[in-house]
Protein chains: 2
Amino acid sequence: MPGNARVPRPTAQRLSLYLRELERLAAIEQLTVSSRQLGEAVGAADAQVRKDLGIIGHSGMPGIGYRVMALAEAIREVIGVHKQWRAALVGAGNIGRALVAYRSFHEQGFEIVAVFDASATVVGRTVAQLRVRPMTDLAATVAREGIDIGIVAVPAECAQDVADDLVAAGVRGILNFAPRLLSVGKRVAMVNVDFRSALENLVHDVSQREIAEISEAVSKPVARRRRGRGAA
Amino acid sequence: MPGNARVPRPTAQRLSLYLRELERLAAIEQLTVSSRQLGEAVGAADAQVRKDLGIIGHSGMPGIGYRVMALAEAIREVIGVHKQWRAALVGAGNIGRALVAYRSFHEQGFEIVAVFDASATVVGRTVAQLRVRPMTDLAATVAREGIDIGIVAVPAECAQDVADDLVAAGVRGILNFAPRLLSVGKRVAMVNVDFRSALENLVHDVSQREIAEISEAVSKPVARRRRGRGAA
DNA sequence: GTTTGTGAACCGTTTCACAGCA
DNA sequence: TGCTGTGAAACGGTTCACAAAC
């Protein structure tokens, strides 16, 4: 049993990034990497990288580093990308169409094999060689095509209904683009991608940076005021 | 002076979600919320909500809760969404076009006011009433239009170049859709939206859930809460 | 009764620092 | 020398629990 220890979420997220860099290095035909180099590429400390790789049970060579190809393969296995995942997209709007068009998912272990939409005017049309199907076909298609995951790219108002349908149809995970927390059973995994939150996080960062710059410029680099409601 | 204490990133992220729910409640004309109700809507504990709101210096009424409108406004102020942000989109591909088409950004404090692309065949076309401009216009347009943030929706290979151009043009933050860590100066904020990582995180969750279910089924269901795997 | 505000305990992750190996 | 692996310490965030306020 190589890679099935419990993987903390922060580590899992970094594994994705390591993998991206390892694939780049493999393309460059670099054979080994140090934890330092890998860490720099993804914005993590070297010790962090070593801890992460230790967690998934992968060893490197002291004085040398890690073998690029072997490490990439080990990470793919832990993430679960060594097999091909089949996805159903629900919602053939702007985001949905952009996702289907993104061909390189396919080389990365993912494939959108069916597209659904609730709107009668969209059903029957073709996006990226896939015919848009009516929602009534969902359950049957998921079963027939062996679909593992659902992608929700519909307006917030109907997102929960779609999620319910997907769960009932038997998907194991949902990637949600609607700006709404969806409730699904514990047996179904769920990841959110929320443009609005991302933008808000960004402008919050910008705002904080602004006030930091201002107070930096105003105060001598000694005063450490702030601390609002500190106890005595 | 109200909301400029240091806000931890996890808190900032939840503030976005609180705001979403508060806007929904405001639309329903609910006047107050308890930390419990707010927490349930975003998947956080009630104490967590109270801590978060304490951090931004907002008080509620014991026995009653928080005033919906006032809280929403306070959060908008902390996030920085009380002002309108102007964005430049670089990359008029699938993702780019989907973003421009997403009209409701506008009511949420964001507006894409210019679109750029490096490809001569795309420059000059119109997406959502905006003419696609050549990259050579970037610096001048950012200055003239008072653009605060840049959105990078180009292939990974040119993402760093685009980011450099945006920083040189004077944007304060970058929202990056390219699957590549971009380096920008410390003065510029940066948030990544990475579909591939999101998908990988999802399937990793699915995989872990699978092994958890298996080992659960194997061992006796003796009211063992979680903790799935006994050590080797 | 309900619900807030908050010190204190708790927990998981990150960073440090260094022994051990190539 | 360069680099890994790993305990131990430091850090930051979350959860608990309860007094105070309505």
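So that the names make sense, note that chain A is the first sequence line, chain B the second, and so on, each numbered from 1.
If you take CZ of Arg9(A) and C1' of dG12(C), they are 12 Å apart, rounded to a whole angstrom. Glu40(B) places its CD atom 14 Å from the C1' atom of dT3(C), with the value rounded to the nearest Å. The distance from atom CG of Leu53(A) to atom P of dT13(C) is 16 Å, rounded to the nearest whole Å. Rounded to whole Å, atom P of dC16(C) lies 9 Å from atom CG of Asp46(A). If you measure from atom CD1 of Ile55(A) to atom C1' of dG12(C), you get 11 Å, rounded to the nearest angstrom. Between the CG atom of Asp52(B) and the C1' atom of dT6(C) there is a distance of 14 Å, rounded to whole Å. Counting to the nearest Å, the P atom of dG5(C) and the CE atom of Met61(B) are 10 Å from each other. Atom NZ in Lys51(B) sits about 8 Å away from atom P in dG7(C), given to the nearest Å.
The side chain of Ser59(B) contributes an N or O atom lying less than 4.0 Å from OP1 or OP2 of dG5(C). For Arg50(A), no side-chain nitrogen or oxygen approaches OP1 or OP2 of dT14(C) to under 4.0 Å.
Proximity of a side-chain donor or acceptor of Glu40(A) to a complementary backbone N or O of Asp46(A) within less than 3.5 Å is not detected. Looking at Arg6(B), its side chain never comes within 3.5 Å of a backbone N or O of Gln208(A) through a donor-acceptor pair. Between the Glu77(B) side chain and the His82(B) main chain, no donor and acceptor come within less than 3.5 Å of each other.
In terms of position on DNA chain D, the residue among Ile64(B) and Ile64(A) whose nearest nucleotide sits closer to the 5' end is Ile64(A). The 5' end of DNA chain C is approached more closely, in terms of each residue's nearest nucleotide, by Gln48(A) than by the other of Pro62(A) and Gln48(A).
To the nearest 0.5 Å, the span separating CG on Leu22(A) from CG on Leu38(A) amounts to 5.0 Å. Put simply, CZ on Phe105(B) and CD on Glu111(B) are 12.0 Å apart, with the number rounded to the nearest 0.5 Å.
Note: Phe177(B) and Phe195(A) have perpendicular aromatic rings, judged against thresholds of 30 and 60 degrees for the angle between ring planes.
Contacts of Gly65(A) with the nucleic acid, taken as non-hydrogen atoms under 4.0 Å apart, involve only primed sugar atoms and P, OP1 or OP2.
Inspection of the Ser197(A) and Arg20(B) side chains reveals an N or O donor paired with an N or O acceptor under 3.5 Å.
When DNA chain D is scanned in the 5' to 3' direction for atoms under 4.0 Å from non-hydrogen atoms of chain B, the outermost contacting nucleotides are dG13(D) to dC22(D).
The rotation axes computed at either terminus of the helix from dG1(C)-dC22(D) to dA22(C)-dT1(D) lie 10° apart, taking five pairs at each end and rounding to 10 degrees.
Ion pairing of Lys83(B) with Glu210(A) is absent here, as no side-chain N (NZ or NE/NH1/NH2) approaches a carboxylate O to less than 4.0 Å. Salt bridge absent: Arg67(A) and Glu73(A) never bring a charged side-chain N and a carboxylate O closer than 4.0 Å.
Atom CZ of Arg36(B) has 12 or fewer neighbouring heavy atoms from other residues, nucleotides or ligands inside a 6.0 Å radius. Heavy-atom contacts from other residues, nucleotides or ligands closer than 6.0 Å to CE of Met61(B) number more than 12.
The stretch residues 26-36 of chain B comes close to DNA chain C through Ser34(B), Ser35(B), each having a heavy atom under 4.0 Å from the strand.
Aromatic ring centres of Tyr102(A) and Phe110(A): separated by at least 6.0 Å.
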